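Report on one structure; see the data block that follows.
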Amino acid sequence: MIEISLNNIKKSFGFKNVLDGLNIEVKTGDRISIIGENGCGKTTILNIINSIEGIDSGTIAIRKGAKIGYLNQQPENIYNNKIVKEILYDSFKDVLDIEKQLKKYEEKMSKESENISIINKYVDIQEKFINLGGYEINTMIDKVSFGMNINYLLDKNYDTLSGGEQKRVVLASIIVKNPDILLLDEPTNHLDINTIEWLEEYLNKYNGTIVVVSHDRYFLDKVTNKTILIENGKAIAFHCNYSKYLIENEERIEREFKEYKDQQKLIAALKKKIKQLEEFGRLAYPGGEPFYKRAENIRKRLDRLEKKDRPIIKKELPINFEIEKRTGKDVLTVNNYNLNIENNELINNINLKINYKDKICIIGNNGCGKSTLLKRIVENSSDNIKIGSNVKIGYIPQQINFNEEISILDYARKYYNGEESHLRSALCKFQFYGENVFKKVTKLSGGEKVRLMLFTLIQDNCNFIILDEPTNHIDISTKETLEDALINYEGTILFVSHDRYFINKLANKVLYIFDKKITEYCGNYDYFIEHKK
């Protein structure tokens, strides 16, 4: 059964169509991921399905009676002054009203225990309550609250929560409603690994239809079975998860590029033939009419030919980390160090040794001290933390804040050793074009901040790179370019990440923080999962 059908959709936000003749068909039980470059219209598609945005032309059809649950990438504050528990129970207002009726009849029965009409009425109401799953509501809400890690927020006001906490509450409220169709825009943002794994397990057991936009490739592999690539405003469907899509899409590009080149050869040959026949016609004057007719027939064939677009070859960021001097074998040593914030102990008795060319990932639940530990190492703030000889640290924090009201160009100039024209050219390769280089750094988006920090990090030629959630805010193609650069990097890397795909490709060790202790695993994320105690 078709749940959602988008036919020849066109949508413009100015001079150019973001969606330009887009066709998507979603069937019952589909688990679809929508992928593509930032700005290609992924969120717009979800907003169109959910009637948040209109279309310029085309048709939309959604199965009659289908209930849609939509998680926006940036949930709006629609729960003014509500307690989290109330938000979760909002979906069950009718059932809770029936529960109130049951309690009233229970009071009546306690006073009139032999009144058959009251008993019969109670039985009827109770049957309705059971059929609506009334006795399972509390259990379900408890399960979702713990799974989404919001159980400690149940009695708090929604308005007082952080953006990440609000998103988890909204997602939990959607899950408990159990809609027929889930539209999820970046659902794993602000979730730690344990919560993401719980969400994956829930979605794999969910009986409805899923359409998800996400940059989390591990999540996409676990949850989806169909991938839709948005390119040039159109949709290209692949009946597989993300990892298999990479292979199939590469084959598609090679095939289409060959078809494109073959057609270009045909077009060139036909044009040459037309020119030749017209020349023969001129030479045979006045008897050259047959040559002109043949030339015209070929021109008509050429006009009827459906021209193939040149396949898009992605331009990758020129990320290439080099080092001036290598470090000694011992890059970082931490001995008997207790990590505290004021009187709150986060990790006790840390003993850690990082060697040259290690690529180490720190993982653990939100709030366990991962980012704080990185900051203390960068600050070298304790005698228990020893930085090795010849070590030059490059650091990108999770929250990138620029304090100066200066332009991208002025900020980059402080790190770049070269002529101004070369600097402009280098920034252009990092997608800072033309007048955009005069944009204030304080006004940059999350993705722009990461790109600028990567640019400056490359200029420093550091031999020990420390990264805190480096793949946040960047699209999949940039992640893959960053991965390749870090894999080939000749220095040492210590990083925090919730991106399991990224961890698997890069890490040779995992440091797991749990119950205020660090345990080391000599392998990537999959190795850690297999051997976790």
Side-chain angles (χ1 to χ4, degrees), residues 13-16 18 36-40 215 231-232 253 257 309-327 378 390-493 495:
F13 291 101
F15 67 93
K16 183 181 177 183
V18 175
E37 298 289 323
N38 285 348
C40 72
H215 290 147
E231 194 172 86
N232 282 336
I253 292 172
F257 200 74
D309 294 327
R310 182 186 179 94
I312 294 174
I313 308 296
K314 292 177 183 175
K315 290 184 179 179
E316 296 183 348
L317 295 183
I319 302 174
N320 183 24
F321 299 105
E322 296 180 352
I323 60 176
E324 288 178 351
K325 295 181 183 178
R326 63 150 286 180
T327 64
V378 172
N390 293 324
V391 171
K392 185 179 182 182
I393 295 176
Y395 171 55
I396 298 183
Q398 184 177 353
Q399 298 295 332
I400 301 171
N401 295 312
F402 297 105
N403 298 320
E404 299 176 276
E405 280 285 339
I406 61 175
S407 69
I408 294 170
L409 184 62
D410 289 336
Y411 186 86
R413 191 183 286 118
K414 294 192 293 183
Y415 297 87
Y416 189 81
N417 184 20
E419 296 179 9
E420 182 88 0
S421 59
H422 294 164
L423 171 58
R424 292 288 294 267
S425 176
L427 284 172
C428 186
K429 292 175 183 176
F430 277 76
Q431 299 172 18
F432 297 114
Y433 308 104
E435 295 297 311
N436 188 247
V437 298
F438 300 110
K439 188 176 180 179
K440 300 296 185 186
V441 292
T442 52
K443 305 296 183 185
L444 299 183
S445 68
E448 288 172 326
K449 287 178 180 178
V450 173
R451 293 204 309 275
L452 183 56
M453 289 297 286
L454 286 172
F455 175 84
T456 58
L457 191 60
I458 288 169
Q459 315 310 315
D460 277 349
N461 296 322
C462 302
N463 51 27
F464 183 25
I465 292 177
I466 297 178
L467 306 171
D468 194 353
E469 295 287 1
T471 59
N472 283 2
H473 309 298
I474 58 177
D475 60 27
I476 289 177
S477 63
T478 305
K479 286 183 186 183
E480 290 167 348
T481 306
L482 177 60
E483 282 166 359
D484 291 340
L486 292 173
I487 288 167
N488 295 318
Y489 174 61
E490 291 297 318
T492 306
I493 303 170
F495 66 104

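Just so it is clear, the structure is predicted and the values come from calculations on it, not from any experiment. Hydrogens, waters and symmetry mates play no part in the numbers below; they use all other heavy atoms, side chains included.
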Pair listing, salt bridge (charged side-chain N to carboxylate O under 4.0 Å, His left out) test, anchored in residues 395-409, at least two apart: E404-K414
Test item: H215 and D475 side chains (from C-beta on) under 4.5 Å apart, heavy atoms: yes
Point-to-point distance, once rounded to the nearest 0.5 Å, from OG1 of T478 to CG of L482: 8.5 Å
With sequence neighbours excluded, residues passing side chain to side chain donor-acceptor pair (under 3.5 Å) with N472: none
Any residue meeting side-chain contact (heavy atoms from CB on, under 4.5 Å) with T492, in chain and number order, not counting sequence neighbours: V331, I354, Y356, D358, F464
L486 side, atom CG; T481 side, atom OG1 - distance, nearest 0.5 Å: 11.0 Å
Listed once per pair and sorted, the ring pair (Phe, Tyr, Trp, His ring centres under 6.0 Å) pairs that draw on residues 426-458, sequence neighbours left out: F430-F455
Partners passing side-chain contact (heavy atoms from CB on, under 4.5 Å) against E419 (at least two apart in sequence or in another chain): S421, H422
Under the side-chain contact (heavy atoms from CB on, under 4.5 Å) test, residues paired with E322 that sit two or more places apart: N320, N461
Exercise: identify the closest heavy-atom pair between V450 and P470: CG1-O, 3.9 Å
Y415: partners by ring-ring contact (aromatic ring centres under 6.0 Å, His included), with sequence neighbours left out: Y411
Set of residues satisfying side chain to side chain donor-acceptor pair (under 3.5 Å) with respect to D410, sequence neighbours excluded: S407, R413
Donor-acceptor contact present, side-chain N463 to main-chain K392, <3.5 Å: yes
From CD1 (I474) to CG (L454), nearest 0.5 Å: 6.5 Å
Which residues share a side-chain contact (heavy atoms from CB on, under 4.5 Å) with K449, sequence neighbours left out: I400, F402, L444
Within residues 421-440 or reaching into it, pairs that qualify as salt bridge (charged side-chain N to carboxylate O under 4.0 Å, His left out) - sequence neighbours excluded: K439-E448
